[in-house]
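Attaching a single structure in structure tokens format; questions to follow.
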Amino acid sequence: PSTVGRIRYCYTETDLRNAVTDINSNLVREINIVNEISCSSALPIWLPSAAPSEANIKIVFELNGNSIFDRSPTGMPVLIGMNITDQTMAMSLANRPRTYIFRDGKMCGTKLGSGTGTLIDIACSQFSVVENMHFENARKGVRMRFCMFGEIRNISSNDIYDIVVEPTRGD
């Protein structure tokens with residue numbers, strides 16, 4: 001993968017997973033998808049669930065017209081999202097949230113087996129944005145849990161089984 005400052009250019013699933021892992025170490029602020037990426041691992045791509053050391057951090061996922069596909073055998077429960085396990089973790093993130101921006105691309109689940117659950121699942125953030133995205137073949141397109149001042153705009157979908165956009169207060 002190519003790196004310029006805190007910008008990571010991702011060509012493969014491994015590049016993408018490593019870039020997301022490096023968000024927690026404050027090494028990555030922008031992830032540029034420069035190829036179609038097929039995720040064949042059954043494990044979701046988990047965004048950091050620990051609060052950042054700095055305030056007001058913005059993480060940009062720039063898809064550049066490319067797609068991220070769930071190619072796992074039975075479909076991931078979440079393609080890219082946050083695994084918030086308890087209220088303490090949620091409150092820690094809510095008090096020092098990150099802003100996530102997903103834009104200009106497509107995310108596709110799989111219809112094999114039980115299928116993909118949610119394509120993007122963001123929790124405990126402020127000012128997060130999902131824009132100019134297309135969602136396909138999943139139960140849910142975007143779920144935003146306790147995302148203050150979040151925006152979803154200019155999205156389209158095809159074959160989303162349950163709901164395209166689910167804003168919630170959190171769990």
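These numbers were taken from a predicted model, which means no experiment stands behind them. Index from 1, following the sequence.
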- Query: Taking all atoms of both residues into account, what is the closest heavy-atom pair of Glu166 and Ile163, and its distance?
  - Reply: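 In terms of heavy atoms, the two residues are closest at CB-CG2, 4.1 Å.
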- Message: With clusters defined by side-chain heavy atoms of hydrophobic residues (ILVMFWY) lying less than 4.5 Å apart, directly or transitively, does Ile57 cluster with Val28?
- Response: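 Yes, Val28 connects to Ile57 through the hydrophobic network.
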- Message: Could you go through Leu93 and Arg98, starting from their C-alpha distance and side-chain angles, then the distance that decides it, and tell me whether this counts as side-chain contact (heavy atoms from CB on, under 4.5 Å)?
- Response: CA-CA 8 Å; Leu93 277 169; Arg98 287 180 182 86; 4.2 Å; yes
- Thr116 versus Gly109, closest heavy-atom pair with distance: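 Minimum heavy-atom separation between Thr116 and Gly109: OG1-CA, 3.1 Å.
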- Message: Minimum heavy-atom separation for Cys39 and Ile68, please, with both atom names.
- Response: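 Taking every non-hydrogen atom into account, SG-CG2, 4.0 Å.
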- Any chance you could measure Arg6, atom CZ, to Ile59, atom CD1, to the nearest 0.5 Å?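 With rounding to 0.5 Å, CZ (Arg6) is 9.0 Å from CD1 (Ile59).
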- Message: Quick one: does any side-chain atom of Asp15 pair with a main-chain N or O of Thr12 as donor and acceptor, under 3.5 Å?
- Response: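 Yes, because the side chain of Asp15 sits within donor-acceptor range (under 3.5 Å) of the backbone of Thr12.
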- Stepwise salt bridge (Lys or Arg N to Asp or Glu O under 4.0 Å) check, Asp162 with Lys140: CA-CA 6 Å; Asp162 289 342; Lys140 296 178 184 177; 5.6 Å; no
- Message: Nearest 0.5 angstrom please: Trp46 CH2 to Ile80 CD1, how far?
- Response: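 Going from the CH2 atom of Trp46 to the CD1 atom of Ile80 covers 11.5 Å.
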- Query: Where is the tightest heavy-atom contact between Cys124 and Pro97, given as atom of each residue plus distance?
  - Reply: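 What the structure gives for the nearest pair is O-CB, 3.5 Å.
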- List in chain and number order the residues that pass side chain to side chain donor-acceptor pair (under 3.5 Å) with Ser92, two or more places apart in sequence or in another chain; answer none if no residue qualifies.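 Side chain to side chain donor-acceptor pair (under 3.5 Å) check on Ser92 returns nothing, list empty.
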- Query: Which ring pair (Phe, Tyr, Trp, His ring centres under 6.0 Å) pairs, counting each pair once, include a residue from residues 16-40, with sequence neighbours left out?
  - Reply: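 Counting only pairs at least two positions apart or across chains, no ring pair (Phe, Tyr, Trp, His ring centres under 6.0 Å) contact touches residues 16-40.
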- Is it true that a side-chain atom of Gln126 and a backbone atom of Met148 form a donor plus acceptor pair closer than 3.5 Å?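 Judged by distance alone, no pair lies under 3.5 Å.
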- Qualifying ring pair (Phe, Tyr, Trp, His ring centres under 6.0 Å) pairs, either residue in residues 13-39, two or more places apart: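 Pairs touching residues 13-39 that pass the test: none.
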- Is Val20 close to Leu47 at the side-chain level, that is, under 4.5 Å between some pair of heavy atoms?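 The answer is yes, as the side chains (C-beta and beyond) meet within the 4.5 Å cut-off.
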- Taking side chain to side chain donor-acceptor pair (under 3.5 Å) as the test, write out the residues that go with Glu136, two or more places apart.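 Glu136: side chain to side chain donor-acceptor pair (under 3.5 Å) contacts with His134.
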- Please determine, by modelled atom types, if Arg71 and Ser40 share a side-chain donor-acceptor pair under 3.5 angstrom.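 Side chains of Arg71 and Ser40: no pair found under 3.5 Å.
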- Message: With a 3.5 Å distance limit and no angle check, can you tell me whether Asp104 reaches the backbone of Leu63 through a side-chain donor-acceptor pair?
- Response: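 Answer holds: no.
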- Item | Polar side-chain atom of Asp86 near backbone of Thr88 as donor-acceptor pair, under 3.5 Å |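 Such a contact is found between Asp86 side chain and Thr88 backbone.
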- Kindly compute the distance separating CZ (Arg143) from CG (Asp121), expressed to the nearest 0.5 Å.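 One finds 4.0 Å between CZ of Arg143 and CG of Asp121.
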- Query: Is any side-chain heavy atom of Lys58 less than 4.5 Å from a side-chain heavy atom of Ile101?
  - Reply: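 They are in side-chain contact.
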- Query: Quick check: does any side chain N or O of Asp70 sit under 3.5 Å from a backbone N or O of Leu79, one acting as donor and the other as acceptor?
  - Reply: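 A pair under 3.5 Å: no.
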- Flag side-chain contact, heavy atom, 4.5 Å: Met82 against Ile122: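 In short, these two side chains touch, coming nearer than 4.5 Å.
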- Task: Taking all non-hydrogen atoms of both residues into account, name the closest pair between Arg103 and Met133 and its distance.
- Result: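 Nearest pair, atom of Arg103 first, then Met133: C-SD, 3.6 Å.
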- Task: Determine yes or no for a side-chain-to-main-chain donor-acceptor pair under 3.5 angstrom, with Ser72 supplying the side chain and Ala42 the backbone.
- Result: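 Checked: no pair found.
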- Query: Rounded to the nearest 0.5 Å, how far apart are OH of Tyr9 and CD of Glu62?
  - Reply: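 Output value for this atom pair is 10.0 Å.
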- Qualifying ring pair (Phe, Tyr, Trp, His ring centres under 6.0 Å) pairs with a residue from residues 18-42, counting only residues at least two apart or across chains: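 Output for this query is empty, none listed.
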- Task: Go through Ile37 and Asn66 one step at a time and tell me if the side-chain contact (heavy atoms from CB on, under 4.5 Å) criterion holds.
- Result: CA-CA 8 Å; Ile37 294 181; Asn66 293 301; over 6 Å; no
- Item | Heavy-atom pair of closest approach, residues Cys10 and Ile31 |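 Minimum heavy-atom contact is SG-CG2, 3.7 Å.
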- All pairs passing ring pair (Phe, Tyr, Trp, His ring centres under 6.0 Å) where residues 47-90 contributes a residue, at least two apart: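 Found Phe61-Phe102.
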- Task: Mind checking the CG-CZ spacing from Asn56 to Arg96? Nearest 0.5 Å is all I need.
- Result: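 Spacing of CG (Asn56) from CZ (Arg96) equals 9.0 Å.
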